[in-house]
Chemist: 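Shown below is the structure under consideration.
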Amino acid sequence: MFNSGFDANEGFFACVPQSGDVILFDAFIHASVHEGMRLSRAGRKIKFEHNSVEDLERILSELLSDEKVRKGERNVFVAVESLYSMDGDLCPLKDIVDLVERILLSGNGHIIVDEAHSNGIYGFQGRGIVCSLGLEDKIFARLHTFGKAIGCNGGEFQSYIHGLVLTHQAAILCSPLTREYLINYARPLIYTTAMSFPSLAAIKVVYALMNNGTTESVRPPSIVLNFTEYLTPSS
Ligand SMILES: Cc1ncc(COP(=O)(O)O)c(C=O)c1O
């Protein structure tokens with residue numbers, strides 16, 4: 001758990017990719033990922049055209065000329081958003097997962113999905129797009145923020161009372177090993193005061209409402225419809 005989605009992305013991208021690793025990022029990726037990449041030791045940070053599986057394939061294929069990438073001695077991280085904040089369009093996530101698996105045969109391709117805009121609203125009980133596509137096991141890490149659909153922006157509530165503005169909170173969903181690594185090396189997590197108990201309690205309440213189906217009735221039907229079409233494309 002981080003104090004904000006910004007902290008989570010910054011902390012993750014600054015510390016997880018190691019020296020010599022490569023980060024490929026969608027052209028429309030959020031500023032917080034750029035911030036993390038600026039601090040990262042990764043050897044190369046390469047932009048691919050927004051939502052273009054073709055452009056990503058071109059870059060991945062070129063990377064194979066690097067023997068260390070080919071042999072799996074160098075990791076390739078791919079940063080995408082499931083629903084983009086810039087244009088509100090959905091990522092071709094399944095195609096990206098298939099592509100990375102097909103090209104990086106040593107299993108050194110790692111996809112990171114920012115679900116800031118899908119968490120709480122897309123998929124079964126608002127669990128996000130990765131979950132609704134059944135891709136949990138194929139995604140290296142997911143960012144779920146709590147300040148948007150989840151509404152746990154303690155700041156607004158407190159601002160009426162005390163004139164304070166607090167940051168939002170967020171979670172990175174990942175393997176236990178990555179979690180341990182983040183706890184030890186992600187600076188925006190270690191070198192700041194932990195979130196308050198009311199923040200945690202608010203998040204817990206919203207998740208209880210999502211799990212028991214209460215929030216289903218307030219989900220806009222257009223979103224459910226658009227998403228169903230996305231899951232079952234006609235072509
Ligand atoms: C795609 C995306 N990722 C991350 C963030 C940062 O999340 P937070 O507002 O919790 O800092 C935002 C916006 O705020 C966003 O739009």
Side-chain angles (χ1 to χ4, degrees), residues 1-17 23-40 45 47-51 77-93 96 110-123 126-133 135 139-159 164-174 182 186-196 198-207 210 223 227 230:
M1 301 276 285
F2 286 76
N3 276 331
S4 75
F6 196 101
D7 281 1
N9 269 338
E10 186 194 53
F12 180 94
F13 284 95
C15 78
V16 173
I23 307 175
L24 308 182
F25 60 96
D26 186 283
F28 286 8
I29 203 76
H30 192 255
S32 48
V33 173
H34 283 279
E35 217 51 32
M37 288 195 294
R38 284 203 314 166
L39 300 167
S40 168
K45 297 138 194 176
K47 175 164 71 180
F48 61 92
E49 281 171 30
H50 174 56
N51 268 351
F77 293 88
V78 180
V80 295
E81 293 176 29
S82 49
L83 172 65
Y84 280 88
S85 59
M86 297 266 277
D87 283 7
D89 50 350
L90 293 158
C91 172
L93 199 52
I96 288 180
H110 308 296
I111 301 171
I112 298 101
V113 183
D114 183 331
E115 297 238 44
H117 290 270
S118 41
N119 182 37
I121 194 150
Y122 281 82
R127 293 178 190 196
I129 290 176
V130 170
C131 188
S132 55
L133 293 172
L135 294 174
I139 301 299
F140 185 76
R142 285 178 272 164
L143 171 73
H144 280 210
T145 65
F146 303 134
K148 301 183 192 294
I150 303 294
C152 291
N153 176 354
E156 280 175 28
F157 172 67
Q158 297 230 354
S159 65
L164 292 175
V165 176
L166 303 179
T167 50
H168 322 149
Q169 298 82 35
I172 289 190
L173 313 183
C174 55
L182 289 170
R187 295 170 81 85
L189 182 63
I190 311 161
Y191 298 106
T192 190
T193 309
M195 71 179 71
S196 63
S199 299
L200 285 170
I203 294 164
K204 193 170 179 191
V205 167
V206 178
Y207 272 86
M210 282 160 68
I223 280 184
F227 190 61
Y230 166 76

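Note that the coordinates shown come from a computational prediction; the quantities given were computed from them, not determined experimentally. As the structure lists them, so they are numbered: ligands from 1, and atoms in each ligand from 1.
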Chemist: Would the distance check show the side chain of E115 and the main-chain N or O of I129 forming a donor-acceptor pair, the cut-off being under 3.5 Å?
Modeler: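 Flag set: sc E115 to bb I129 pair under 3.5 Å.
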Chemist: Any luck finding a side-chain donor-acceptor pair between H50 and D89 under 3.5 Å?
Modeler: yes
Chemist: Which residue holds the protein heavy atom closest to atom 5 (C) of ligand 1, what is that atom called, and what is the gap in Å?
Modeler: H30 CE1, 3.4 Å
Chemist: As a check for students: among L83, I150, D114, D7, identify the option with a heavy atom nearest to atom 4 (C) of ligand 1.
Modeler: D114
Chemist: Flag the pair C91 / D26 as yes when at least one side-chain heavy-atom distance between them is below 4.5 Å, and no otherwise.
Modeler: no
Chemist: Among protein heavy atoms, which lies nearest atom 16 (O) of ligand 1, and at what distance?
Modeler: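 Looking at atom 16 (O) of ligand 1, the protein heavy atom closest to it is H117 NE2, 2.7 Å.
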Chemist: Starting from atom 6 (C) of ligand 1, which protein heavy atom do you reach first, and at what distance in Å?
Modeler: F6 N, 3.4 Å
Chemist: Check for a donor-acceptor pair, side chain of Q169 on one end and backbone N or O of M195 on the other, with a separation under 3.5 Å.
Modeler: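 Answer holds: no.
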Chemist: Using a 4.0 Å cut-off to any heavy atom of S85, which atoms of ligand 1 qualify?
Modeler: 16 (O)
Chemist: With a 4.5 Å limit on heavy-atom distance, are the side chains of D7 and L189 in contact?
Modeler: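 D7 does not reach L189 side chain to side chain.
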Chemist: Is it the case that ligand 1 has an N or O less than 3.5 angstrom from some N or O of S32?
Modeler: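 Among all N and O atoms of S32, none is under 3.5 Å from an N or O of ligand 1.
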Chemist: Which residue and non-hydrogen atom of the protein lie closest to atom 9 (O) of ligand 1, and at what distance in Å?
Modeler: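 Here the closest protein heavy atom is H168 ND1, 2.9 Å.
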Chemist: Is any side-chain heavy atom of Y207 closer than 4.5 Å to one of I150?
Modeler: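 A side-chain contact exists here, since the closest heavy-atom pair is under 4.5 Å.
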Chemist: For the residue pair E10 and F2, establish whether any side-chain heavy-atom pair is separated by less than 4.5 Å.
Modeler: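 With C-beta onward as the side chain, the pair stays apart.
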Chemist: Against heavy atoms of E81, which atoms of ligand 1 measure under 4.0 Å?
Modeler: 1 (C)
Chemist: ring-ring contact (aromatic ring centres under 6.0 Å, His included) with H110: which of F13, F77, F12?
Modeler: F77
Chemist: Nearest protein heavy-atom contact for atom 8 (P) of ligand 1: which residue, which atom, what distance?
Modeler: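 Atom 8 (P) of ligand 1 sits closest to the protein heavy atom G5 N, 3.4 Å.
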Chemist: Short list, please: which atoms of ligand 1 are under 4.0 Å from a heavy atom of A116?
Modeler: 1 (C), 2 (C), 3 (N), 15 (C)
Chemist: Any nitrogen or oxygen of K148 lying under 3.5 Å from a nitrogen or oxygen in ligand 1? Just yes or no.
Modeler: yes
